[in-house]
Amino acid sequence: MDDDTIDLDDGGDDWLTTYSDAITPLMAFFVILLTMKEGKSAGPDEVQEPPAPAAMSEMLSEVSIESIKKIERELQVLRTEFELDEKLRITRVEDGLVIELADRALFRSGQAKIKSKGLGILAGITQILHEIDVGQSYKVEIEGHTDDRPVRNRRIGSNWALSSRRATNVLQMLIQGGIPESQMRATAYAHTRPRVPNRTSDGRPIVENQARNRRVAI
């Protein structure tokens, strides 16, 4: 028998020493595992665990904020290029950015077909959306809003139909520009969500307010 082989029948205690040498490192290994599981400090060489969900959320928020700031800057350039002035409104909200375009920037009165200048504006917005970091998950919702005046276009028939067609046509333009369908949706609100009152308390129309309420929000 080789010298390194333990003979359990010789009555000696050498095997106890060898067994002790083997089991001690194994016990130490389990102690380290238990310490890591309980979150105790294991010294300067401790293996770093991945960030907690809250920390991950903060990291993503910082990246999103940078993207939003970039979008805001480029929308200001777009405003100047197409002389939008008051026709373009940019508002930062808790979970993103709202881009509001007055209806006259995209459509003729009472119509849902996007006019040529509106196509250029939407092409610019699409390009800006493409510059968002591809690793980020984002959603684009297009909302159609009208004032409370009845629609005179018989082919459309109602403010619900008008706001729906306008929102859908804008969505289709973004799809044609390469924005994934799975990241978008269109919603019609007609006159139910005005930014400002359409009429005075006694029912008289406020023309300026009605113009502000006719919009598409992205």
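At a threshold of 4.5 Å between non-hydrogen side-chain atoms, the residues V216 and D103 do not count as touching. Looking at V151 and W160, their side chains never come closer than 4.5 Å, going by heavy atoms from C-beta outward. With contacts defined as side-chain heavy-atom distances shorter than 4.5 Å, the pair L97/I218 does not qualify.
Listed here is the closest heavy atom pair of I156 and Q111: CD1-CA, 4.3 Å. Taking every heavy atom of both residues into account, A217 and E100 meet most closely at CB-CG, 4.0 Å. G144 approaches A167 most closely through the heavy-atom pair N-CB, 3.7 Å. Across R199 and P205, no two heavy atoms sit closer than the pair NH1-CD, 3.5 Å. The two residues L88 and L75 have their closest heavy-atom pair at CD2-O, 3.7 Å.
In this structure a side-chain-to-backbone donor-acceptor pair under 3.5 Å is present from N169 to A112. In this structure, the side chain of N159 engages the main chain of R149 through a donor-acceptor pair within 3.5 Å. Between the K113 side chain and the R166 main chain, no donor and acceptor come within less than 3.5 Å of each other. Side-chain N or O atoms of N213 include one that pairs as donor or acceptor with a backbone N or O of R195 at under 3.5 Å. Here the side chain of S163 pairs a donor or acceptor atom with the backbone of A190 at under 3.5 angstrom.
I71 and V98 fall into different hydrophobic clusters, where Ile, Leu, Val, Met, Phe, Trp and Tyr residues are linked whenever their side-chain heavy atoms come under 4.5 Å apart, directly or through other members. Linking ILVMFWY residues whenever their side-chain heavy atoms come closer than 4.5 Å, directly or via other members, places V170 and M184 in the same cluster. One hydrophobic cluster, built from ILVMFWY side chains closer than 4.5 Å, holds both L78 and L119.
Put simply, CD on E143 and OG on S164 are 13.0 Å apart, with the number rounded to the nearest 0.5 Å. To the nearest 0.5 Å, the span separating CG on N209 from OG1 on T200 amounts to 10.5 Å. The CZ atom of R104 sits 9.0 Å away from the NZ atom of K115 when rounded to the nearest 0.5 Å. The structure places CG of L122 at 5.0 Å from CD1 of I114, a figure rounded to the nearest 0.5 Å. Note that CD1 of I68 and CD1 of I90 are 12.0 Å apart. Values are rounded to the nearest 0.5 Å. Atom CZ in R214 sits 13.0 Å away from atom CG in L106 (nearest 0.5 Å).
Residue-environment remark: CZ (R185) stays at or below the threshold of 12 foreign heavy atoms within 6.0 Å.
The closest side-chain donor-acceptor pair between Q76 and R79 falls under 3.5 angstrom. Judged by distance alone, the side chains of E141 and T187 do bring a donor and an acceptor atom under 3.5 Å apart.
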Could you please spell out the steps behind the side chain to side chain contact (heavy atoms under 4.5 Å, CB included) verdict for Q210 and I206?
CA-CA 6 Å; Q210 289 176 330; I206 307 173; 5.6 Å; no
Test log, rule side chain to side chain contact (heavy atoms under 4.5 Å, CB included), inputs N153 and L162
CA-CA 9 Å; N153 187 334; L162 180 61; over 6 Å; no
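Partner of T126 under the side chain to side chain contact (heavy atoms under 4.5 Å, CB included) criterion, chosen from V140, I121, I179: I179.
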